[in-house]
Amino acid sequence: MNDATTQPSSGAPYLRIADLTKKFGDFTALKDISLEVFEGEFVCFLGPSGCGKTTLLRAIAGLDIQTYGKVEQGGKDVSVLPPAERDFGIVFQSYALFPNLSIRKNIAYGLENQKLAKVAIDNRVQELLDLVGLSDQGEKYPAQLSGGQQQRVALARAIAISPGLLLLDEPLSALDAKVRVMLRHEIKELQRKLGVTTVMVTHDQEEALTMADRIVVMNDGVIEQVGSPEEIYNTPATRFVADFIGTMNFVPAQSSRKGEITIGSTTLNCDLATGSGNLIAAIRPEDIQVGSGHQNSFTAIVESMEFLGAFVRAELSSVSLGDARLLADFSANVVRGEQLAKGIELPVSLPGESIRLYAQ
Amino acid sequence: MHTSQLDKVVKPKSSRDDRQMLMFMIVIASYLVFALALPLYTILSKSFKNNDGDFVGLGNYVEYFNTPALVYSIQNSLTISLITTVISVSIAFMLAYGLNRSCMPFKGTFKAIAMIPILVPSLLPGIALIYLFGKQGMIRWLLFGHDIYGPIGIVISEVFFTLPHALIIIMTALSIADARLYEAADSLRTSKLKIFFTVTLPGARYGLISAAFVVFTLTITDFGAPKVIGGGYNVLATDIYKQVIGQQNFEMGAVVSLILLLPAAVAFMVDRIVQRKQVALLSARAVALEPKPSTVFDRAMLGYSILISIFILGILGTCQYAALIKFYPYDLTMGLSNYQFDLMDGGGWDSYFNSLELGAWTAVIGTTVVFLGAFMVEKGKGFKQGRNIFQFLAMLPMAVPGLVLGLAYIFFFNAPNNPFHFIYHTMAILVVSTVVHFYTVSHLTAITALKQMDKEFESVGASLKAPFYKTFTKITVPVCLPAILDISIYLFVNAMTTVSAVVFLYGPHTALASVAVLNMDDAGDIAPAAAMGMMIFYTNAGVRIVHGLLSRGVLKKTQAWRAR
Ligand SMILES: Nc1ncnc2c1ncn2[C@@H]1O[C@H](COP(=O)(O)OP(=O)(O)OP(=O)(O)O)[C@@H](O)[C@H]1O
Ligand SMILES: [Mg+2]
C-alpha cells in the first residue's frame, strides 16, 4: 500500500524516502514511510491534523531527523546530514520572515552566503521581486505588507538560492479564502516555470487536488495512497481516502457472487465484487443518476433537498435498500426536468462501475 | 508492509553550527560551574570541617545548636521575615489593586515612585529611620517610647526594600484577570465585597503566593537593614557577617550560611511551581478587564497611593536631608561637607568610581554571557542532558543568598591551590560574583524574549546556508534588543546597590560605594553614609533615565519595523 500507483516515467527519482520511521519518545509519529518524488514534480502531503505531514517534511529537510530509515536526494544519501548541508528552500506557515530586515534584505539573506558580488545579488533580488510581483515593495519591512505579500516574500527568499527542492509547510493556511485561491495559481505557475521539485504540506484537499501532480494521502503516521488527483478522487484505495476526499456514501453490502453485491433486498451489478462476503459499498453523490433505463436502478424517495448553487444535494431513501440513506447531487436541469421536490418518488440508478468496495 | 532491514537508529551528523553552539554552551556552563557550583560545594564541605581542615562530621552543627545566642537568630530571622511578608504583601496588594482596578489619576507617577527602592541599597531606609526615630529623631514621639533599633526598624526597612518586588508580581497577577468572570458575578447581583473574595483574591492567588515567597526570601537573606538598624537584635544574615568578619570563625559562618540556604531554597522551589501554574493561567486568559470609574473607590485609592508615596519619598528625602545637614541636630546649616568621602573611612570617592566600574563591567559582561548562554540553551540542538544541567545551573543563583555566595567565594578562590586565586581581591572577582548573583532573573528575561521569537528563524537560516552566528547577530540580537537592554540595566542597578556578596570580596583597592555606606555607618559616620547612599540613588536614577531615552532612540532606529 506504500507503493505509488502511478509514477511519471522520468527515470530515477530525485527524492527517495525508504522505510522512514520517526519516534518522539514512545510515540511513533511516522511508521515505515516509503515514497519517491521525481524531478520537477509537485507533490502534496495531504491528511488530517496530527497525521505526521509536518514531521515528514521536517525529516526531509533534516530539521528533525528520522529515527530509522533513509532519505536520498539527487542520488545522494542525505539521511544523517544537518539542514545546512542539504539542498532545499523552505517556506513555513508563519513565513518566518526576518522582521528587522527589509524585503530586499530578506530575499538577499541566502545569496549573501554564496560569495556573490553585490551587483549580482542586487540584480538577482530585483529579478525575484519582479517574479513574485513585488517590484516596488523592496524597501518595506515585513510588518508593512499584507499576508499574501509576506507569503510571496517567503517564497522568493526560499527560491533565491535556486534550491533543488522546495518545501512548503501549509504556506497558504494563514490567508483568507480569496487570496488563497489566487496564490494557489501563482505558486503552481512559478513552480512550473522554475521546474523545481516541490513538496507541499496541506490539510486542504481542494488545494492538493488543484495544485499537485501527485498527492500523498496520509493518516496516523502511514501513507494511505499515492496518486494523481484524478486517481485519488476516482479510485480511492482505502476507506479512509474515500471518506477524506470529497463526499462519499457508505452503505453496508454483501457480495455472494463475483460481479454482484446486495444492499438491503436489492442486488446490484458491481465490477469490483469478488463474492467475498460482508463489505462496505461506496458511491459518490454525483455518480447517482436519475432514470430507470440504466442497470442497477430502483425507486427512491426524496427525504430532503439542499440547494448548493450549481446543483442540488438530495437525501434519498429506498425501502429496497433497507435503512440506507444516500446523498445524491443533481444538476439544476435535472431538478427542473424531473420536478424534484421533497417527498417525491423517482427512479435512480447506481452505475456498477462507480461503486467502490471496502472491507468492513 | 515490509519491516525494514535498515532498522538501525539514524545517528544525525552534527553540523559545524551545532558543534560551535555546543562549545559556547560548554564555555558558559563552565563559568557557572567555577563561579557557582564549585564554590557552593566548598562551603558545604567547609561546614563539616574544623579550623585545621579536618573532617568533623556534624560537629560544627552540634556546636551551633548548642550556642543559644546563635540559635536564637533563627527564631528572630523567621519572625522578622514573616511579619515583613504579611505587611509588605498586604500593602503591595492594595497598591496593585488601586493601580489595576481603579480610575485614579497619576497611576504612572505612583508606580514610578513605588519602584524607587530598587535603586537604593537596602541600608538606606535604616539610615533614614535613625534620623526619623532614633535617639534624637525628628518624629520619634510617633513610636510612643518604643525603640527603632531592633525588630521595628528592621521590619519597616524591609517593607520599604521589598515593596517594589511584591508590587511587580501582584500587578502581573491582577492584570491577567478575566473580565467575563466579573460580568457574570455582576449580572448575578453579587455584592462588591463578595466579588472581591470569590473572584479577585482567588484569581490573584498565585501572584500573592509568589510575592509572599519572594518577599520572605529577600528579607531573610537581607543583611543591610538588620546591620544598620538591628541594634542588638541578631538575625542569621548578620550572624554570618559577625562570625566571618568579626570573629574570623569561617567554619561557623559556613554552618549559618547553610542554615540560611535552607529557607531560601524551599521558598525558591515553591515559587517555581507556583509560577508555572500562573503561566498556565496566563495562556488561558480571555477578555481584559477595564476598570470603571467610581468616585468613592477612586478617591480612597488615590489617598492610599499618596500615603505610600509619602512613605517612600519621606525615607528618601530624609536621607537627602541628612546628607546635606552639617551636624544633626546641633548644626542644621546646609552644605556638602558630608560628601568629602575621602576624609572618612570606607574607601572615599574611589569606592564610588569603583562601583561605577563594577556596574559597567557587570552590565556588559553579564549581558553578553547571559544572552549567549540563553541562546545556546534555547536554540542549540541535541545534547539534551547537558542543556538541562545548564538550565539548572542558571536557576540556582536565585536560591543562593548573596552572603552565602560571598563566603563561598572566600573559601573557593582564597584557597592557595586554586588556579584562579589571582583574581582574589580584584575587580574581576567582584564582576564574576555579581554576574552570578543576578544571573537567574537575567537568564529568564533572555529566555522569555527568545521564546517569543518565531522558532523557525534558525531553520530558515540553516536552509539558506547562513552560519548560526550570522542569524544570531543579524536577526536574534536586533529582535531581542529591548530585552537585552533590560538585562543590562537590571545588572547595572543591582551591581550598584548590592552589598551582601561583595562585602566579603572587595580588596584594598576595590572598595565599593554600597560597602562604603555600610562601613561609614559602622564607624558612626551616618551622614556621609546617607550621602553616599544618595549618590548611588542619583546614579541609578540617572542611568535609568539615560537608558530609557537611549533605548527609545535605539529602538526607534533599529526597530522601525515594529511600527506598522
Ligand atoms: N516535537 C514533538 N514531540 C512530540 N510529539 C510530536 C512532536 N512533533 C510532532 N509530534 C506529534 O507527532 C504527530 C504528528 O505531528 P505533525 O506536526 O507532523 O502533524 P501534521 O500532520 O503536520 O498536523 P497539522 O495539520 O496539525 O500541522 C502529532 O501527534 C504530534 O503531536
Ligand atoms: Mg503541520
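In the text below, chain A, chain B and the rest are named by the order of the sequence lines, each starting its count at 1.
In this structure, B:Ser15 OG and A:Arg86 CZ are separated by 11.5 Å, a value rounded to the nearest 0.5 Å. Note that OG of B:Ser14 and CG of A:Leu81 are 11.0 Å apart. Values are rounded to the nearest 0.5 Å. The line from CG of A:Leu167 to OG of B:Ser459 is 11.5 Å long, rounded to the nearest 0.5 Å. In this structure, the separation between CD1 on A:Ile90 and CD on B:Glu456 is 7.0 Å, given to the nearest 0.5 Å.
Residues passing the salt bridge (charged side-chain N to carboxylate O under 4.0 Å, His left out) test with A:Asp122, sequence neighbours excluded: A:Lys118.
Only the side chain of A:Ile161 comes within less than 4.5 Å of a heavy atom in chain B; its backbone stays farther off. Neither the backbone nor the side chain of A:Leu111 comes within less than 4.5 Å of any heavy atom in chain B.
In plain terms, the two heavy atoms of A:Ser79 and B:Val10 that are nearest each other are O-CG1, 4.0 Å.
Listed for the A:Asn113 side chain is a donor-acceptor partner under 3.5 Å among the backbone atoms of B:Leu464. Although no hydrogens or angles enter the test, the distance criterion places a donor-acceptor pair under 3.5 Å between the side chain of A:Tyr109 and the main chain of B:Thr471.
Partner B:Phe457 forms a ring-ring contact (aromatic ring centres under 6.0 Å, His included) with one of A:Tyr95, A:Phe98, A:Phe92 and no other, that one being A:Phe98.
For A:Glu112 and B:Lys465, the salt-bridge test fails: no basic side-chain N is under 4.0 Å from an acidic carboxylate O.
Looking only at side-chain heavy atoms (C-beta outward), A:Ser94 and B:Lys455 stay at 4.5 Å or farther from each other.
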